[in-house]
Amino acid sequence: MTVVDASAVLRQGLLQLSKSDQVRSVIERAPVSRSVVKRFVPGDATGDAVRAAGDLAATGRLTTIDYLGEDTLDLAQAQATRDAYLALLSALSDAGLTQGGKAEVSVKLSAVGQYLPGDGEKIALEHAREICEAAARAGTTVTLDMEDHTTTDSTLQVLRELRQDFPWVGAVLQAYLHRTEADCRDLAAAGSRVRLCKGAYKEPESVAFQSKEDVDKSYVRCLKVLMAGEGYPMVASHDPRLVEIAGALAAKHDRAADSFEYQMLYGIRPEEQRRIADRGDQMRVYIPYGEEWYGYLMRRMAERPANTMFFLRGLATKG
Ligand SMILES: Cc1cc2nc3c(=O)[nH]c(=O)nc-3n(C[C@H](O)[C@H](O)[C@H](O)COP(=O)(O)OP(=O)(O)OC[C@H]3O[C@@H](n4cnc5c(N)ncnc54)[C@H](O)[C@@H]3O)c2cc1C
């Protein structure tokens, strides 16, 4: 078995495992989990996220902040998530971090009600609208995270509706989906902020490329469309090859440094994040915070065996 095969097996296994309630409760209760999780999630409270954003701003990095939580089937929970975003935006504004979009927020529609039976999409739209109004007041922007492929059409529909009032709302497109190159063409219009990532969910062959090579090739095709277009590409990847290709494409299209940005996750390749910011390009760090770190952490584990080893070593040595 090759290394690539082994990591693919690990990835599928971890994404499968992440659905087990039993495994979840063991990992969540392990006392050391908290300290190990800290590498990827700065804390539970609004203040933890604001502090992390301030620290990153001090080193020239922009941020986008995600209040962790997804897939809620409970209206009160969806409202609480909306309220957490409103409190976050107000705290970021008080800390002077929102001007010019220095710190913005990333929102998962499933966390604000998209899956609620009946009116889910409408409720998520209303909650997202309230978050956008608060962001506008604070002088910053919102990006709608993209979740599994069953939600893509609904999320893009909500995006279109929000953009009528808030044209700066950012979209996320996932290069592993077959449809994404076409979606990039649709969204590469003036003023359109589009985050391109590889995609983090377990998706079937019928809708998504399965091998790393095919996903990477799709990423480059999508990047070419976005960089050649009129919009504002947000290059979300830790992959050194893709980061380099993004830079070359930006140069080819004479893009100014403020007409696109790189994005990476909190705690991943921090030295590279600094290097990109120091050379004068825009680097935005995605900061997740909150109690609901489990699903987020499992996706990071599935992506990279080294992340899993880091976590398991922590459990073994400090537990
Ligand atoms: C800002 C941001 C927002 C995102 N939003 C979404 C979203 O809304 N929806 C969604 O489905 N997914 C999202 N993702 C996750 C994304 O889809 C990928 O799952 C994740 O970024 C891993 O893919 P990668 O491009 O980094 O490449 P990978 O194929 O995971 O890694 C490629 C290479 O990057 C380097 N690398 C990766 N991780 C590390 C590490 N820990 N340390 C050192 N080097 C490393 C290695 O050289 C590795 O070979 C987001 C990612 C980012 C960065």
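All values below were derived from every heavy atom in this structure, side-chain atoms included, with hydrogens, water molecules and symmetry-related copies excluded. Since the model is a prediction, treat every value here as computed from it, not as a measurement.
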Closest approach of [X] to [Y] (non-hydrogen atoms, all atoms of both residues):
| X | Y | answer |
| --- | --- | --- |
| S206 | H178 | O-ND1, 3.5 Å |
| R61 | P270 | NH1-O, 3.7 Å |
| Q174 | Y201 | NE2-CD1, 3.9 Å |
| M227 | P233 | SD-CG, 4.0 Å |
| C184 | L196 | SG-CD1, 4.5 Å |
| A84 | Y289 | O-OH, 4.0 Å |

(message) When you group the ILVMFWY residues by side-chain heavy-atom contacts below 4.5 Å and let the links chain together, are W168 and L159 in the same group?
(response)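 Yes.
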(message) Tell me whether V194 shares a hydrophobic cluster with M264, the cluster being built from Ile, Leu, Val, Met, Phe, Trp, Tyr side chains joined at under 4.5 Å.
(response)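 The answer is yes; both residues are in one hydrophobic cluster.
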(request) Apply side-chain contact (heavy atoms from CB on, under 4.5 Å) to the pair F260 and L226, showing each step before the final yes or no. (result) CA-CA 10 Å; F260 71 105; L226 295 176; over 6 Å; no
(message) Contact between D153 and R179 at the side-chain level, heavy atoms closer than 4.5 Å - yes or no?
(response)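 Of all side-chain heavy-atom pairs linking R179 with D153, at least one is under 4.5 Å.
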(request) Decide yes or no for V107 and H127: does some side-chain heavy atom of the first lie under 4.5 Å from some side-chain heavy atom of the second? (result)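 Result no, sub-4.5 Å side-chain heavy-atom pair not found.
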(request) Have a look at K108 and tell me which of D145, D148, D71 forms a salt bridge (Lys or Arg N to Asp or Glu O under 4.0 Å) with it. (result)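 Exactly one pass, corresponding to D145.
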Working to the nearest 0.5 angstrom, can you tell me the gap between [X] [atom1] and [Y] [atom2]?
| X | Y | atom1 | atom2 | answer |
| --- | --- | --- | --- | --- |
| I65 | L97 | CD1 | CG | 7.5 Å |
| S106 | I131 | OG | CD1 | 11.0 Å |
| T141 | R193 | OG1 | CZ | 4.0 Å |

(request) Run the numbers on T155 and Q114 for side chain to side chain donor-acceptor pair (under 3.5 Å), then give the verdict. (result) CA-CA 9 Å; T155 300; Q114 191 177 30; 3.2 Å; yes
(request) Verify whether one side chain among Y262 and Q273 offers a donor that lies under 3.5 Å from an acceptor in the other. (result) no
(request) Kindly determine whether Q157 and R160 satisfy side chain to side chain donor-acceptor pair (under 3.5 Å), including the steps that lead there. (result) CA-CA 5 Å; Q157 180 55 29; R160 273 189 290 275; 3.0 Å; yes
Are any side-chain N or O atoms of [X] and backbone N or O atoms of [Y], one a donor and one an acceptor, separated by less than 3.5 Å?
| X | Y | answer |
| --- | --- | --- |
| R299 | A200 | no |
| E147 | S110 | yes |
| E161 | L125 | no |
| S218 | A175 | yes |

(request) Begin from the C-alpha positions of L56 and L62 and carry the test side-chain contact (heavy atoms from CB on, under 4.5 Å) through to its verdict. (result) CA-CA 7 Å; L56 289 163; L62 309 168; over 6 Å; no
(message) Out of the candidates T63, T64, D66, only one should pair with Y286 under the side chain to side chain donor-acceptor pair (under 3.5 Å) rule; please name it.
(response) D66
(message) Surrounding CZ of R185 (heavy atoms of other residues, nucleotides or ligands, distance under 6.0 Å), is the total greater than 12?
(response)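 More than 12 within 6.0 Å, yes.
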(message) Could you walk me through whether Y67 and E292 satisfy the side chain to side chain donor-acceptor pair (under 3.5 Å) test, starting with their C-alpha distance in whole Å, then the side-chain angles of each, then the deciding distance to 0.1 Å, before giving a yes or no?
(response) CA-CA 8 Å; Y67 176 67; E292 291 285 323; over 6 Å; no
(request) Starting from the C-alpha separation in whole Å, work towards a yes-or-no answer on side chain to side chain donor-acceptor pair (under 3.5 Å) for R163 and S192. (result) CA-CA 9 Å; R163 278 189 174 177; S192 168; 3.0 Å; yes
